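Structure first, then comments.
Predicted, not measured: the structure shown is a model, and the values here were computed from it. Keep in mind that the numbers below use all heavy atoms, side chains included, and drop hydrogens, waters and symmetry copies.
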Amino acid sequence: MTSYQDHIGQTSQLIRSYNGTWDGIDAESVARMRLQNRFQTGLDIARYTAAVMRKDMAAYDADPSQYTQSLGCWHGFIGQQKMISIKKHFGSTKRRYLYLSGWMVAALRSEFGPLPDQSMHEKTSVPALIEELYTFLRQADARELGMMFRELDKARETGNQVEEQRLLHAIDNYETHVVPIIADIDAGFGNAEATYLLAKKMIEAGACALQIENQVSDEKQCGHQDGKVTVPHEDFLAKVRACRYAFLELGVEDGIIVTRTDSLGAGLTKQIAFSKEPGDIGDQYNSFLDCEEITDLSTVNGDVIINRDGKLMRPKRLPSNLFQFREGTGADRCVLDCITSLQHGADLLWIETEKPHIEQIASMVDKIREVIPNAKLVYNNSPSFNWTLNFRQQVFDAWAEAGKDVSAYDRAKLMSVDYDGTELGQEADEKIRTFQRDAAKRAGIFHHLITLPTYHTAALSTDNLAKEYFGEAGMLGYVQGVQRQEIRQGIACVKHQNMSGSDIGDDHKEYFAGEAALKAGGVHNTMNQFAA
C-alpha cells in the first residue's frame with residue numbers, strides 16, 4: 001500500500017503539472033482522503049477479503065487453534081460497532097469476520113415487514129445489506145484515521161517530532177475495519193441463473209464468501225424448523241458452479257463458496273435424482289429413499305417405480321407430492337453431501353445440526369476427512385439451541401454413564417436457576433466457554449459464527465431500557481444504564497456526532513473552503529462534555 005508521504009509527493013507533482021490552476025488543492029489533504037477511502041469499489045473489498053480468508057484457512061490447516069469467528073449483523077451500524085469494539089479490546093481484527101444472515105434479512109430488512117426465513121424477502125435486500133455493512137466499516141476507517149491526522153497536526157504544532165514519527169508509522173501500518181463477510185444466499189432464490197445473477201450482485205457489493213444451502217428454493221425453511229426439503233446433488237452443484245462463474249467473471253478468482261447441507265434435519269425430497277448407472281451420484285441419493293418392494297404391477301396406479309438391486313421399488317410419496325427418506329439416514333446423507341460438494345468446487349462446509357454436540361459433528365467430519373483430509377466447516381453456534389439446557393444435559397448424561405451420583409439433579413428441569421451455582425452447572429458452563437476451541441480442534445470447525453446475536457441483544461437492551469425509563473427510574477434509567485456505562489467503558493459512540501461523521505465533515509469543509517469554513521466542532525459543541 002502506498003505510504004502517506006508517497007501519496008503527498010505524488011499528488012504534489014500532479015498539482016504542479018497543472019501550472020497553478022490547481023494550487024487551491026492541498027496535497028496532504030488529498031493524501032488523507034485517499035487513505036480514508038482505501039477501498040473504492042465493492043470488488044476491491046471482495047478481492048482483498050478473499051485473500052484474507054484464504055490466508056486464514058491455510059493457517060487453520062496448520063494449527064486448528066487459529067480458527068475464526070463472526071457475529072451476525074443486521075445493520076451497517078451494528079457491524080461497524082462490532083469491529084470498533086474488537087479493535088479496542090483486542091488491538092486487531094485478525095480472524096474476526098462478519099456474518100450476514102438471511103434469517104435476519106427476512107425478519108428485519110424486508111420491505112414486506114417481518115417475514116419467516118423462507119426466502120420470501122426481496123433478493124436485492126441481501127446485496128444492499130452487504131453494501132451497507134461495508135459503507136459503515138469504511139466510515140469507521142475514515143473516522144479513526146481522521147482522528148490520527150488531527151493528532152499528527154497537534155504533534156507538529158507543538159514540535160513533538162517523536163510523536164509525529166510515531167503517528168506517521170501508525171498511519172502507514174493502519175489496520176482496516178474491513179473484514180470478510182460470509183453472506184447467506186439461502187437456496188439461491190430460484191434456478192441456477194437466478195443464483196448466478198444474485199451472486200454477482202453480492203460479490204459486486206463486496207462479499208468474498210457465499211453460503212448456499214441444498215434445500216429446494218420454493219420450499220426453503222429455516223434450518224432449525226421442520227418441513228425441510230432437499231434437492232438432488234446435481235441440482236445443487238449447478239448452483240455451486242453458478243456462484244463460481246460469478247466470482248470468476250468478476251475477477252475474484254479466490255472467492256469462497258460455503259456449501260451448507262440441511263440433510264440432517266430434512267427427511268423429504270421434491271424429486272428423484274436422475275441416474276445413468278448403479279453407484280453414480282443420482283443412484284446414491286436415491287438409495288436413501290424410503291421404498292417398498294412391488295411384487296404385483298397391477299397395484300401400481302400413477303406411481304413412480306425405481307429399480308434397486310434388481311427389484312422394483314416404490315418410493316413413499318406424501319400427499320404433498322414429496323418423497324420421503326428412510327429414518328436415521330440424515331448423518332450419512334450429510335457426509336455424502338459434503339464430500340460431493342468439496343469434490344465439485346466448494347471450499348468450506350456447513351452442517352446444520354439440531355444441537356451443539358462436538359462428537360456428533362466430529363462423527364460426520366471424520367468420515368468426510370477419510371476422503372478429503374483438509375475438509376473444514378463453518379458452524380452455526382445458533383441461538384436456536386438452548387445452550388444452557390443442552391450442555392447441562394450432556395454433563396448429566398456423562399456423569400450418569402460414568403456412574404457418578406446424579407440424584408441431586410432433575411434432568412427434565414436442568415434449565416432452572418437453582419442449578420446455576422452447582423458443580424454440574426459450572427462444568428456445563430466451562431464446556432460452553434471452550435466449545436469453539438474444542439470443536440475447532442476435534443470437529444474441523446474453521447469458522448464459528450452466531451447467526452442472530454445482535455437481533456437478541458437489541459431486544460434485550462431495549463427491554464431493559466424501557467423497563468427503567470418508563471418506570472420509576474425515569475431519565476436515570478437512561479443515564480445510569482446507558483450513558484454512564486458508555487462513558488466509563490469507553491464506548492466510542494457516546495460522542496455520537498463524531499461517530500456519525502461530523503468531524504470528517506469539518507475536515508472536508510476546511511479542505512474545500514479554508515478559513516471560511518463553518519465548522520460544527522467548535523467550543524459550543526455539546527460533545528465537548530465527553531472529552532477524554
Side-chain angles (χ1 to χ4, degrees), residues 186-188 192 195 210-217 219-221 223 227-244 257-291 304 306-309 313 315-316 322-355 357-380 443-446:
D186 279 15
T195 303
L210 304 179
Q211 167 224 325
I212 186 165
E213 62 200 61
N214 68 337
Q215 291 193 54
V216 177
S217 289
E219 301 282 355
K220 181 255 191 297
Q221 295 277 16
K228 292 188 290 183
V229 183
T230 63
V231 297
H233 294 94
E234 286 296 347
D235 294 41
F236 182 60
L237 295 175
K239 294 185 178 182
V240 173
R241 286 190 289 271
C243 292
R244 182 62 66 201
I257 298 174
V258 182
T259 52
R260 168 176 146 176
T261 172
D262 280 276
S263 290
L264 196 62
L268 303 169
T269 183
K270 197 168 189 178
Q271 62 198 96
I272 294 172
F274 174 74
S275 174
K276 289 183 178 179
E277 57 189 37
D280 66 14
I281 193 62
D283 188 49
Q284 291 180 66
Y285 186 81
N286 294 339
S287 71
F288 295 110
L289 291 169
D290 192 0
C291 300
V304 174
I306 64 173
N307 174 19
R308 180 181 288 173
D309 299 326
M313 308 292 288
K316 291 184 179 178
L322 299 172
F323 297 95
Q324 188 170 297
F325 290 114
R326 297 194 314 277
E327 287 284 338
T329 62
D332 289 337
R333 284 184 281 126
C334 281
V335 171
L336 180 61
D337 294 342
C338 291
I339 292 171
T340 303
S341 292
L342 290 175
Q343 290 175 334
H344 292 83
D347 301 291
L348 294 168
L349 304 169
W350 175 316
I351 300 175
E352 193 77 339
T353 66
E354 82 288 359
K355 59 181 180 292
H357 194 293
I358 291 175
E359 285 306 315
Q360 180 198 34
I361 304 163
S363 66
M364 292 181 277
V365 173
D366 288 346
K367 292 177 182 177
I368 297 164
R369 285 184 161 181
E370 289 175 5
V371 181
I372 302 169
N374 69 337
K376 294 180 283 296
L377 266 64
V378 171
Y379 187 70
N380 178 7
I445 298 176
F446 157 73

From CG (L348) to CD1 (I445), nearest 0.5 Å: 12.0 Å
Might you point out which heavy atoms bring V240 and G345 nearest each other, and give the distance in Å? CG1-C, 4.5 Å
Between T259 and L349, is there a side-chain heavy-atom distance shorter than 4.5 Å? yes
I'd like to know if the side chain of R333 reaches the main chain of D262, judged simply by a donor and an acceptor atom lying under 3.5 Å from each other, with no hydrogens or angles considered. no
Does S341 reach the main-chain N or O of C338 with its side chain, forming a donor-acceptor pair under 3.5 Å? no
Gap separating the CZ atom of F323 from the OG1 atom of T269, nearest 0.5 angstrom: 8.5 Å
Output all residues satisfying salt bridge (Lys or Arg N to Asp or Glu O under 4.0 Å) with D332, sequence neighbours left out; order by chain, then residue number. K367
Non-hydrogen atoms of G444 and R369 that approach each other most closely: CA-NH2, 3.4 Å
Set of residues satisfying side-chain contact (heavy atoms from CB on, under 4.5 Å) with respect to D347, sequence neighbours excluded: R54, M57, R244, I256, I257
Do V216 and K228 have side chains that approach each other closer than 4.5 Å (heavy atoms only, starting at C-beta)? no
Go through the structure and list residues passing side chain to side chain donor-acceptor pair (under 3.5 Å) with Q360, not counting sequence neighbours. E354
Worked check of side chain to side chain contact (heavy atoms under 4.5 Å, CB included) between V231 and K270: CA-CA 7 Å; V231 297; K270 197 168 189 178; over 6 Å; no
For D290, enumerate each residue passing the salt bridge (Lys or Arg N to Asp or Glu O under 4.0 Å) test, keeping only those at least two apart in sequence or located in another chain. K316
How many angstroms lie between CD1 in I212 and CG in D186, if you round to the nearest 0.5 Å? 9.0 Å
Check A266 against T230 and note the closest heavy-atom contact, atom names and distance. CB-CG2, 3.6 Å
Which residue, T261, V371, L237, forms the side-chain contact (heavy atoms from CB on, under 4.5 Å) with T340? L237
Could you please spell out the steps behind the side chain to side chain contact (heavy atoms under 4.5 Å, CB included) verdict for I351 and Y379? CA-CA 7 Å; I351 300 175; Y379 187 70; 5.8 Å; no
Got a donor-acceptor contact below 3.5 angstrom from the E213 side chain to the R260 backbone? no
How would you list, by chain and number, every residue that makes a ring-ring contact (aromatic ring centres under 6.0 Å, His included) with F325, sequence neighbours excluded? Y285
Is it the case that the side chain of R241 and the backbone of F236 share a donor-acceptor pair, with hydrogens and angles ignored and the cut-off at 3.5 Å? no
Let's go through W350 and L377 carefully: what are the C-alpha distance in whole Å and the side-chain angles of both, what is the deciding distance for side chain to side chain contact (heavy atoms under 4.5 Å, CB included) to 0.1 Å, and is it a yes or a no? CA-CA 5 Å; W350 175 316; L377 266 64; over 6 Å; no
Measure the spacing between CG of L264 and SG of C334 and express it to the nearest 0.5 Å. 4.5 Å
Listed once per pair and sorted, the salt bridge (Lys or Arg N to Asp or Glu O under 4.0 Å) pairs that draw on residues 275-285, sequence neighbours left out: none
Partners passing side chain to side chain donor-acceptor pair (under 3.5 Å) against D366 (at least two apart in sequence or in another chain): R442
dist T353:OG1 -> M364:CE (nearest 0.5 Å) comes out at 7.0 Å
Residue pair I361 / I358, side-chain heavy-atom distance below 4.5 Å: no
Work out which heavy atom in L268 is nearest to a heavy atom in Q324; give both atom names and the distance. CD2-CA, 4.2 Å
Could I get the full list of salt bridge (Lys or Arg N to Asp or Glu O under 4.0 Å) partners for E370, not counting sequence neighbours? none
Those residues that, when tested against K239, pass salt bridge (Lys or Arg N to Asp or Glu O under 4.0 Å) (two or more places apart): none
Closest non-hydrogen atom pair, P232 against A273: CB-CB, 3.7 Å
Looking only at heavy atoms, the pair that brings S263 and N214 closest together is OG-ND2, 3.5 Å
Among all residues two or more places apart in sequence or in another chain, which pass the side chain to side chain donor-acceptor pair (under 3.5 Å) test with H357? none
For N374, what residues pass the side-chain contact (heavy atoms from CB on, under 4.5 Å) criterion, not counting sequence neighbours? D61, I372, K376
Set of residues satisfying ring-ring contact (aromatic ring centres under 6.0 Å, His included) with respect to H344, sequence neighbours excluded: none
Let me confirm one number: the CD1-NE2 distance from I281 to H233, rounded to the nearest 0.5 Å. 4.5 Å
